[in-house]
Structures are given as structure tokens and as C-alpha cells.
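Chain letters run A, B, ... following the sequence lines, proteins first and then strands; every chain starts at 1.
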Number of protein chains: 2
Amino acid sequence: MPPDPVEPDVRRRLIEVAADLLSEEGPAALSARRLARDAGTSTMAVYTHFGGMPALVRAVVAEGFQRLYDRVAAVAVTDDPVADLVASAAAYRENALADPHLYSVMFGSASLGEYRLREEELEVGLAAFAQLVALVERAMAAGAIRRGDPEPVAAQFWTALHGFVVLEIADFYSMLDDPETQVLQPMLAHLLASLS
Amino acid sequence: MPPDPVEPDVRRRLIEVAADLLSEEGPAALSARRLARDAGTSTMAVYTHFGGMPALVRAVVAEGFQRLYDRVAAVAVTDDPVADLVASAAAYRENALADPHLYSVMFGSASLGEYRLREEELEVGLAAFAQLVALVERAMAAGAIRRGDPEPVAAQFWTALHGFVVLEIADFYSMLDDPETQVLQPMLAHLLASLS
DNA sequence: GTCACTCGATAACAGCGTTATGGAGGCGCG
DNA sequence: CGCGCCTCCATAACGCTGTTATCGAGTGAC
């Protein structure tokens, strides 16, 4: 067995291989044996580092939230807070569309039953939400949005955006010609208009 | 191909037992053997009537859309179209919260990969959406909503409502005290206000 | 009666998550 | 150094999964 030139820690590699496997072949390909084989180890590595497949999936979900956070954080900050909000929403959507399987696991049935997220993983997701709260706060400070508690406002914005992304990924907009301009853009515009 | 005897409708019973199993014990309990045992038959019944577990899950999803349709259709019709819209949204949410596992399968990862819905099952879902389009049309006719193409408007309403239900089921509103009054109600109110 | 046919019961196969066992390597300490 | 310990992973097994092949019981047609 030829060992790798530089062995990064196994835990990190398992998460990345699992994310790639999920991204490229879907949740059905994310099995302990397949994962171990592709990562060049055995199934026991999953148990020594995570304790089982559900915990590994939770780690992959946390990785997904981290990537989402980074993607939104990379959006350039301008002097127009409302434009930044719209640009962040676009980045959020692009991140989801670029890896729909990962997004589905992050918010889908993976959150029920044995895959229910723990505080540790939810923390990363809440950090991503805090980005949005900060954007709303900035818009309020600039007078572009009526002042008030920014969290419920951010939650409304996120809820509408998430609903759109989920239905778009699951292909439930087949009755519409252009969901982005017919649903997403006017919906966010209406929300922002009512909030100003 | 002679018609099936209606007396012991195995196909119908499999769908109902599968829905109950999913509802009461979650997706992990929805296995061919467990399903066959609870339905008083063998696993082969799943294959003669559906062709495999993915097709059975699709049938359960169609059953879920039918129940959603019935639940929304049971909402009393008043002379206030906007109030009817809000009441229908409440019925939609109650239906989802009463059976979160089924709702998750209807819109979750079950819609990707081998569980992707076919025209046959999507038709039931589109019928439920048509209810909402009709409600919006009625509100437009009554002048409560600006006239225009009702489908995109209905899609926006549905998107926001669905986004809320998904995040509520997956317990992602832990940072809020009362998601219904802080997110759902103001969000739908803002949407309706901007549309009038 | 006999053929044709459908439906489901049984058993087998590969793959799954998980667990038990044991061996290889690194590290502290005598 | 040599020894013991302890962590990490390879191997193998257990019971489960979806699926398939086989075959028998039942039924309607002629």
C-alpha cells in the first residue's frame, strides 16, 4: 500500500470526500464503505473520528454552512445596503444551486430523527444567519429599512429566499417560465418595499 | 390486463400503511420488509404493485399532496378573499405540522435522484397549487389584489409559506421567541400589502 | 379439465451501518 | 534501549436493507 505523500488528518479528508461524494453522486453514494474506499481508509475511521454515519453527515452539514457563510461573506460591500442584501441573496442562491444535494441535506430530512443537528453544528448555521442580521442592521442604520428588531426581519428575508431555493432545486416551478424574475425578484422586492 | 379485485386492495393498503409508518416512526421505519409485515403481505407485493421502493415512496408523496389538497379545500369560503387566503395558509401549515415526516418527504431530498417525481405524481401537487391560484384570482376579481397574472403571485405566496414551514419543521427558528407572529404573519402581510 | 395468467410467498444476493477483535505504530518512561 | 500503553485503523462478522429469481396457489376462459 503506497502511502500518500502528505497525509492530512483523516477526519478532515473524510469530510471533504463525503461532501464531494454527496455533491457528485447524491446521497445514495454516501455510504461508509464507499467513503472509506474513496478516502483510502477503512470504515472504522468513520467510527473513530465521528462515532457513526449520522455524526459524519452532521459534520458535512456544518461544512455546508461554512461554505455558505464564506460565499456570502465574499460579496463585496458597497454603500447601498439594500443592494448588498440583494447581492447576498444572489450569492446564497448560487451557492445552493452549485451543490443542490448538499443544500438538501443541510435543510432536508437530515434535520429530522437521528440526523437532527446538535448545538455544535447549528452554531455554524447561526453564524451564517448572523451575517444576514448584520446586513439588515446596516440597512436600518442607513434608513433604507424601517428601524426595529433586525432578527425577525432577517428571518423573513431568509424564509422567502430559502423557500424559493428549495422549490427551485426540487423542480416545483415547472408551471412558470422564469421563476427568478417571476417569483424571487418580485417577492424580495415586495418584502423590502413593505419594510421600508 | 384484467382489473384487480377491489376487495383486498393491496396497493391501497400498502400506501396507507406506508404513510402511517412514515408519520409515526419516521423515514427509517419505511422499509420493504417492515411495510410488508405491517400490511400483512410479503415484500413482493411492493414489486408487483409499484416496481420498487422508490415508486412506492412517490405514491406516498402523491397521497401527501392529496391530503394537503383536501385539507385546504375544506377551508370555508367567505366573502373576504384575503381572509380566505390567510385561512388557507393556516390550513396548509397545520397539515404540514400534523405530519412533518410526510411533508419532508414530499419536498425534501425525496425529490432528487431516484425519488424525483414523475408527471403522474406532480399532477396531484399541481392540483393543490391550482387551488391557491384560484384563491388569488378571486382576490384579484374582488379588487383586493392588483390584477395581473395570478400564477406568479400565487407562487410567491406559496414560496414564502413553504419556506416558513420547512424551517419551522427543521427547528431553524431557535433564535426567535414566536416564529409564527414574528415571521409568518408579518411576511404574508407584507406580501399581500405590496400586492394590493 | 386444462391452459394461461396474475399475485404473492420464499429464499438468495449484494450492499448497508455497526460492532468486535486484533495488529501496527508512536510515545512516555524505566 | 526496551518495555508497556494507548491511539488508530484493517479485517471480519451480524443483522438489516432493496432487489431478483423461483415457484406455488388461485382464477377465469374455452
Side-chain angles (χ1 to χ4, degrees), chain A residues 1-19 21-22 24-61 101 105 108-110 112-116 118, chain B residues 1-19 21-22 24-61 101 105 108-110 112-116 118:
Chain A
M1 183 183 69
D4 294 348
V6 174
E7 161 136 10
D9 68 320
V10 181
R11 178 187 166 90
R12 183 65 209 159
R13 194 169 70 239
L14 282 176
I15 293 178
E16 286 175 358
V17 171
L21 223 36
L22 179 64
E24 289 161 20
E25 302 188 40
L30 193 50
S31 75
R33 284 175 174 80
R34 173 71 188 278
L35 173 60
R37 187 156 45 87
D38 284 22
T41 179
S42 80
T43 63
M44 272 308 297
V46 175
Y47 290 85
T48 57
H49 289 285
F50 299 94
M53 285 300 289
L56 180 136
V57 171
R58 285 197 298 268
V60 171
V61 169
H101 286 299
V105 171
S109 58
L112 263 59
E114 53 195 327
Y115 291 98
R116 170 155 243 112
R118 304 180 150 188
Chain B
M1 204 179 292
D4 295 338
V6 188
E7 174 94 73
D9 196 346
V10 181
R11 180 188 165 90
R12 183 65 209 159
R13 194 168 70 240
L14 281 176
I15 293 177
E16 287 175 358
V17 171
L21 224 37
L22 180 64
E24 290 161 19
E25 303 188 38
L30 194 51
S31 76
R33 283 174 176 81
R34 174 71 188 279
L35 173 60
R37 186 156 47 86
D38 285 21
T41 179
S42 80
T43 63
M44 273 307 298
V46 174
Y47 290 85
T48 58
H49 288 286
F50 298 95
M53 285 300 290
L56 181 137
V57 171
R58 286 197 297 268
V60 171
V61 169
H101 286 300
V105 172
S109 59
L112 263 60
E114 52 194 15
Y115 292 98
R116 169 156 243 110
R118 305 181 151 189

Margin query: Taking B/Ala29's backbone N and O only, do any of them form a donor-acceptor pair with B/Arg34's side chain (distance below 3.5 Å, no angle check)?
Written below: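 Between the backbone of B/Ala29 and the side chain of B/Arg34 there is no qualifying donor-acceptor contact (under 3.5 Å).
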Next item on the list: Between D/dT19, D/dC9, C/dT18, spot the one nearest the side chain of A/Ala32, thanks.
Entry: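 Side chain of A/Ala32 sits closest to C/dT18.
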Atom-pair distance ([atom1] on [X]; [atom2] on [N]), nearest Å:
{"X": "B/Tyr47", "N": "D/dC23", "atom1": "OH", "atom2": "P", "result": "20 Å"}
{"X": "A/Arg33", "N": "D/dT17", "atom1": "CZ", "atom2": "P", "result": "15 Å"}
{"X": "B/Leu56", "N": "D/dT17", "atom1": "CG", "atom2": "P", "result": "15 Å"}
{"X": "A/Leu35", "N": "C/dG15", "atom1": "CG", "atom2": "P", "result": "17 Å"}
{"X": "A/Arg37", "N": "D/dA10", "atom1": "CZ", "atom2": "C1'", "result": "16 Å"}
{"X": "A/Met53", "N": "C/dT18", "atom1": "CE", "atom2": "P", "result": "7 Å"}
{"X": "A/Arg13", "N": "D/dC8", "atom1": "CZ", "atom2": "P", "result": "15 Å"}
{"X": "B/Arg34", "N": "D/dG18", "atom1": "CZ", "atom2": "P", "result": "12 Å"}

Next item on the list: Kindly indicate whether the side chain of B/Leu30, heavy atoms from C-beta on, has any atom under 4.5 Å from the side chain of B/Val105.
Entry: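 They are not in contact (no side-chain heavy atoms under 4.5 Å apart), so the answer is no.
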Item checked: Student check: side-chain heavy atoms of B/Val60 and B/Leu22 closer than 4.5 Å ->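 In short, these two side chains touch, coming nearer than 4.5 Å.
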Pick base, sugar-phosphate or nothing for [X], based on heavy-atom distances below 4.0 Å to the nucleic acid.
{"X": "A/Ser42", "answer": "base"}
{"X": "B/Leu30", "answer": "sugar-phosphate"}
{"X": "B/Met44", "answer": "base"}

Next item on the list: Nearest-nucleotide wise, let me know which of A/Thr48 and A/Thr43 is further upstream toward the 5' end of DNA chain D.
Entry: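 Looking at the nearest nucleotide for each, A/Thr48 comes out on the 5' side.
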Any side-chain N or O of [X] below 4.0 angstrom from OP1/OP2 of [N]?
{"X": "A/His49", "N": "D/dT7", "result": "no"}
{"X": "A/Ser31", "N": "C/dC16", "result": "yes"}
{"X": "A/Thr41", "N": "D/dA10", "result": "yes"}

Notebook entry, point to check: With respect to B/Leu14, which candidate in B/Asp38, B/Thr41, B/Asp9 satisfies the side-chain contact (heavy atoms from CB on, under 4.5 Å) definition?
Noted result: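 When side-chain contact (heavy atoms from CB on, under 4.5 Å) is applied between B/Leu14 and each of B/Asp38, B/Thr41, B/Asp9, only B/Thr41 qualifies.
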Check: What is the minimum heavy-atom distance between B/Gly40 and B/Arg13, and which atoms define it?
Finding: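 Answer, listing the atom of B/Gly40 first, then B/Arg13: O-NH2, 4.5 Å.
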